[in-house]
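These notes are about the structure you will find just below.
Quick note: numbers below take in every heavy atom, side chains included, and nothing from hydrogens, waters or symmetry partners. Keep in mind that what you see is a predicted model, and the values were worked out from it rather than measured. Residue numbers start from 1 in every chain, and the chains themselves are labelled A, B, ... in the order their sequence lines are given, proteins ahead of strands.
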Amino acid sequence: MNYWLIKNEPDCYSVDDLKRDKVEMWDGVRNYQVRNMMRDDMKKGDLAIFYHSNAGKETGAVGVMTIAKEAYPDPTQFDPKSEHPDPKSDPANPRWLAVDVKYKKKFKRLVSLQEMKEVKALHGLRILQKGNRLSITPIKKPEFDKIVALSEK
DNA sequence: GCCAACGTTGGC
DNA sequence: GCCAACGTTGGC
């Protein structure tokens, strides 16, 4: 059982959108480190914190989702009309992967980035480190639990 | 909107 | 295989 932090710009797709849709294909990942983690380490049933990035005062952890389907070829890489087509990807050996995520819950309140920075137990989070740009990062169970606990305060 | 950090690209 | 240029990310 692994734990993750998955970030996204809420203008693009927010926790409210996931609440409405219940299950969503998490596509558009075009970073090799993230792809490798999806391929090698993401298992069905894993839990993930939903994090809103680039959202001003609303930046932070907003909810929980589960991995509903393990990595499979991301169809958007072959769609010229998608946001991130990759003409160099070979359909016989797709370069990019997607997973399905399922809505679990929306936090009663935002756990802001600033608040997470002030909590010692969360200092190991890669999301808090300068220059971190990975859209999906592994976290530890105590970190996951701490963020959930903060949301219930 | 600015800018620092980082990944990717492509010329050599 | 190096590295400068470029594009993107994301906090502020």
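- Between A/Ser89 and the options A/Gln77, A/Arg95, A/Arg30, a side chain to side chain donor-acceptor pair (under 3.5 Å) holds for only A/Gln77.
- A/Tyr13 and A/Trp26 have perpendicular rings, their planes meeting at more than 60° on a 0 to 90° scale where under 30° would count as parallel.
- The separation between A/Glu58 atom CD and C/dC12 atom P is 15 Å, rounded to whole Å.
- Clustering of Ile, Leu, Val, Met, Phe, Trp and Tyr side chains at separations under 4.5 Å places A/Tyr32 together with A/Trp96.
- Proximity of A/Lys130 to the phosphate of B/dC3: no side-chain N or O atom is located under 4.0 Å from OP1 or OP2.
- Between A/Asp16 and A/Lys19 no salt bridge is recorded (no basic side-chain N to carboxylate O distance below 4.0 Å).
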For nucleotides 5-9 of chain C, give me every protein contact, N/O to N/O, under 3.5 Å, one pair per line with atom names.
| residue | atom | partner | partner atom | Å |
| --- | --- | --- | --- | --- |
| C/dG7 | N2 | A/Arg133 | NH1 | 3.4 |
| C/dT8 | O2 | A/Arg133 | NH1 | 3.4 |
| C/dT8 | O2 | A/Arg133 | NH2 | 2.4 |
| C/dT9 | O4' | A/Arg133 | NH2 | 3.2 |

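- Counting non-hydrogen atoms under 4.0 angstrom, A/Lys57 reaches nothing in the nucleic acid.
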How far apart are the C-alpha atoms of A/Met1 and A/Lys141, what are their side-chain angles, what is the distance that settles it, and do they pass the side-chain contact (heavy atoms from CB on, under 4.5 Å) test? CA-CA 9 Å; A/Met1 174 86 178; A/Lys141 183 174 193 305; over 6 Å; no
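- Put simply, CG on A/Asp11 is 15 Å from C1' on B/dG1, counting in whole angstrom units.
- One can place CG of A/Leu125 at 16 Å from C1' of C/dG11, the figure rounded to the nearest angstrom.
- Atom CG of A/Asn8 is separated from atom P of C/dG10 by 9 Å (rounded to the nearest Å).
- Nearest to the side-chain atoms of A/Ser53 among the listed nucleotides C/dC12, C/dG10, B/dG10 stands C/dG10.
- Looking at heavy-atom distances under 4.0 Å, A/Ser135 makes no contact with the nucleic acid at all.
- Residue-environment remark: CD (A/Glu152) exceeds the threshold of 12 foreign heavy atoms within 6.0 Å.
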